[in-house]
A.B. asks: 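Take a look at this one; I'll ask things after.
So that the names make sense, note that chain A is the first sequence line, chain B the second, and so on, each numbered from 1.
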Number of protein chains: 2
Amino acid sequence: MTEQPTTEQRGATLRDEDFLRLDGQICFALGAANRAFGGLYRVILKDLELTYPQYLVMLVLWEHGTMPVKQLGQHLRLDSGTLSPLLKRLEAAGLIRRERSTEDERSVHAVLTEEGAALRERAVEVPRRIARATGFELAEIRELQERLGRLTAALDAAVDSVGRD
Amino acid sequence: MTEQPTTEQRGATLRDEDFLRLDGQICFALGAANRAFGGLYRVILKDLELTYPQYLVMLVLWEHGTMPVKQLGQHLRLDSGTLSPLLKRLEAAGLIRRERSTEDERSVHAVLTEEGAALRERAVEVPRRIARATGFELAEIRELQERLGRLTAALDAAVDSVGRD
DNA sequence: AACGATTGAGTTGTGCACAACTGAATTGTG
DNA sequence: CACAATTCAGTTGTGCACAACTCAATCGTT
């Protein structure tokens, strides 16, 4: 990996061919890591009968308690098109209830049931197993998070400013 | 939940509550970054009428040429259940042909059509736009790739050795 | 109070990801 | 050679992600 850091010195604008190869890799690497996580979660969450996205929803509810769908979506970066059916499945599984808000009837709150709250006990070991599986030190995980956060922000900003280029 | 979850520090072992918060984050961050990429690609690839996964397939074919589905899947970390319909759509779009191999009739080769090969010219600018959007230096991207690669490998290994824990 | 604009949840349709499966071709072993 | 095991592509079914839309509730402005 140790190479000339600044690329466009010398003969150095990468050729398009190189770019087309290179390019695949960061999004590739990201997608691959993401799916590898998915695979591991699938295995680990099998006992709890949760999918990975469902688990993420439960995490948010365990941490913050009752919450409208909208806000859940903000935490999770998901929209109602994804959340609505997912929450229905969680409801069907008896882990949450969906209650239309009385003070704003457009809004629906996701509320943990007894059973949903209880599931937390069994989920407690999940993160540790995952963390162990990564083989990463906490500091390294944090750093990775930080970079991914910056990356996400940059990409989002880029999406917004599509036109000019 | 009766306590204030003061963060790590001191007693090196994090408590379960903290873990349950933390945990969300690395996979979260990864998923969010991945979807942010998806969003940007969606915008940038609109002209080419390719989805992001379709674009990745085309990248591999542009780089390596004709290739059986199996091998494509190895490059992309995807199985036939995902690739078969995707390749059909690429075929319907006239970008590839699928040709059953003569020397091994189980195998199907994805072959670029004239049109598919030509699309490369128009795709050439894509990686540069993406790279620019990340706002990352090349070196940083490389480092991120390296870590994600290690992460993926560790997670895959963990999936294989599920039982003991 | 009236009413157009906005907001929130949900629906529909498309595409990806993957498990579990089918069926045909090939390979390995006796 | 025979035939069981394996390999490969494809299908089916489930669930996620998102665009584009609907519909009702709410808000802002006049």
Side-chain angles (χ1 to χ4, degrees), chain A residues 27-28 30-43 45-46 49-57 67-74 76-93 96 98-110 156 159 162, chain B residues 27-28 30-43 45-46 49-57 67-74 76-93 96-110 156 159:
Chain A
C27 53
F28 244 33
L30 210 51
N34 195 43
R35 280 178 283 137
F37 257 120
L40 182 56
Y41 272 110
R42 208 187 323 281
V43 169
L45 292 175
K46 187 143 58 178
E49 303 197 70
L50 288 176
T51 66
Y52 172 42
Q54 286 166 12
Y55 169 72
L56 296 182
V57 168
M67 181 177 293
V69 173
K70 173 73 176 183
Q71 200 176 334
L72 211 42
Q74 285 163 351
L76 293 162
R77 208 176 195 282
L78 294 172
D79 69 357
S80 68
T82 300
L83 283 175
S84 282
L86 191 157
L87 293 175
K88 275 193 185 176
R89 283 187 282 272
L90 286 180
E91 188 171 40
I96 67 168
R98 292 180 304 146
E99 295 181 352
R100 193 151 294 266
S101 167
T102 48
E103 81 265 7
D104 183 347
E105 301 210 350
R106 290 171 302 182
S107 164
V108 168
H109 295 286
D156 281 343
V159 169
V162 205
Chain B
C27 55
F28 238 37
L30 209 53
N34 195 43
R35 280 178 283 139
F37 257 120
L40 183 57
Y41 272 110
R42 208 187 323 280
V43 169
L45 292 174
K46 187 145 59 177
E49 303 195 72
L50 287 176
T51 66
Y52 173 43
Q54 286 166 13
Y55 168 73
L56 296 182
V57 168
M67 181 177 292
V69 172
K70 173 72 177 183
Q71 200 176 335
L72 212 41
Q74 284 164 350
L76 293 161
R77 206 175 198 282
L78 294 172
D79 70 356
S80 68
T82 301
L83 283 174
S84 282
L86 191 157
L87 294 174
K88 275 192 185 176
R89 284 186 282 271
L90 287 179
E91 188 171 41
I96 67 167
R97 272 174 292 118
R98 291 180 305 147
E99 296 181 350
R100 195 154 289 270
S101 166
T102 50
E103 80 266 5
D104 182 347
E105 301 209 350
R106 288 172 304 182
S107 163
V108 169
H109 295 286
D156 281 344
V159 170

A.B. asks: Measure the acute angle between the ring planes of Tyr41(A) and Tyr52(A), then classify it against the limits of 30° and 60° as parallel, tilted or perpendicular.
C.D. replies: parallel

A.B. asks: Quick one: Leu45(B) CG to dG15(C) P, roughly how many Å, whole number?
C.D. replies: 15 Å

A.B. asks: Any side-chain N or O of Arg100(B) below 4.0 angstrom from OP1/OP2 of dA9(D)?
C.D. replies: no

A.B. asks: Report the distance from atom CZ of Arg100(B) to atom CD of Glu105(B), rounding to the nearest 0.5 Å.
C.D. replies: 7.5 Å

A.B. asks: Please give, in whole Å, the distance from dC18(C) C1' to Tyr41(A) OH?
C.D. replies: 18 Å

A.B. asks: Rounded to the nearest 0.5 Å, what separates atom CG in Leu30(A) from atom CZ in Arg35(A)?
C.D. replies: 10.5 Å

A.B. asks: With the side chain of Lys70(B) defined as its heavy atoms from C-beta on, choose the nearest nucleotide among dC8(D), dG15(C), dC18(C).
C.D. replies: dC8(D)

A.B. asks: If you only use heavy atoms from C-beta on, which nucleotide in dA25(C), dG10(D), dG15(D) is closest to the side chain of Arg106(B)?
C.D. replies: dA25(C)

A.B. asks: Do any side-chain nitrogens or oxygens of Lys88(A) fall under 4.0 Å of OP1 or OP2 in dT11(C)?
C.D. replies: yes

A.B. asks: Arg35(A) side chain: which of dA17(C), dG10(D), dG8(C) is closest?
C.D. replies: dA17(C)

A.B. asks: I need the CD-P distance between Gln54(B) and dT14(C), as an integer number of Å.
C.D. replies: 14 Å

A.B. asks: Just to confirm, is there a sub-4.0 Å distance from OP1 or OP2 of dA9(C) to any side-chain nitrogen or oxygen of Ser80(A)?
C.D. replies: no

A.B. asks: By the 4.0 Å heavy-atom rule, please label Ser107(B) as base, sugar-phosphate, or nothing.
C.D. replies: sugar-phosphate

A.B. asks: Specify the separation, in whole Å, of atom CG of Leu56(B) and atom C1' of dG15(C).
C.D. replies: 14 Å

A.B. asks: Let me spell it out: for each of Ala36(A) and Asp104(A), pick the nucleotide of DNA chain C with the closest heavy atom. Which residue's pick is nearer the 5' end?
C.D. replies: Asp104(A)

A.B. asks: Shortest non-hydrogen contact from Leu83(B) to Leu76(B)?
C.D. replies: CD2-CD1, 4.3 Å

A.B. asks: Any side-chain N or O of Thr82(A) less than 4.0 Å from the OP1 or OP2 oxygen of dA17(D)?
C.D. replies: no

A.B. asks: Go through dA19(C), dA9(D), dC18(D) for me and flag the one nearest to the Pro68(B) side chain.
C.D. replies: dA9(D)

A.B. asks: Rounded to whole Å, please give me the gap between CZ in Arg42(B) and P in dG15(C).
C.D. replies: 13 Å

A.B. asks: Quick one: is dG10(D) close enough that its OP1 or OP2 comes under 4.0 Å of any side-chain N or O from Arg98(B)?
C.D. replies: yes

A.B. asks: Salt-bridged, Lys70(A) to Asp104(A), with N to O below 4.0 Å?
C.D. replies: no

A.B. asks: Under 4.0 Å, counting only non-hydrogen atoms across every strand here, what does Ser84(A) touch: a base, just sugar-phosphate, or nothing?
C.D. replies: base

A.B. asks: Take atom CD of Glu91(A) and atom C1' of dA9(C), then tell me their distance rounded to the nearest Å.
C.D. replies: 14 Å

A.B. asks: Could you tell me the separation between the CG atom of Asn34(A) and the P atom of dG15(D), rounded to a whole number of Å?
C.D. replies: 19 Å

A.B. asks: Looking only at heavy atoms, which two atoms of Ala36(B) and Asp156(A) are closest? And how far apart?
C.D. replies: CB-OD1, 3.8 Å

A.B. asks: Looking only at the side chain of Pro53(A) (C-beta and beyond, no hydrogens), which of the listed nucleotides dG10(C), dA17(D), dC18(C) gets closest?
C.D. replies: dA17(D)

A.B. asks: By the 4.0 Å heavy-atom rule, please label Gln71(B) as base, sugar-phosphate, or nothing.
C.D. replies: nothing

A.B. asks: Can you tell me the distance, in whole Å, between the CG atom of Leu86(B) and the C1' atom of dT14(C)?
C.D. replies: 12 Å

A.B. asks: Taking for each residue the nucleotide of DNA chain C with the nearest heavy atom, is it Glu105(B) or Gly81(B) whose nucleotide lies nearer the 5' end?
C.D. replies: Gly81(B)

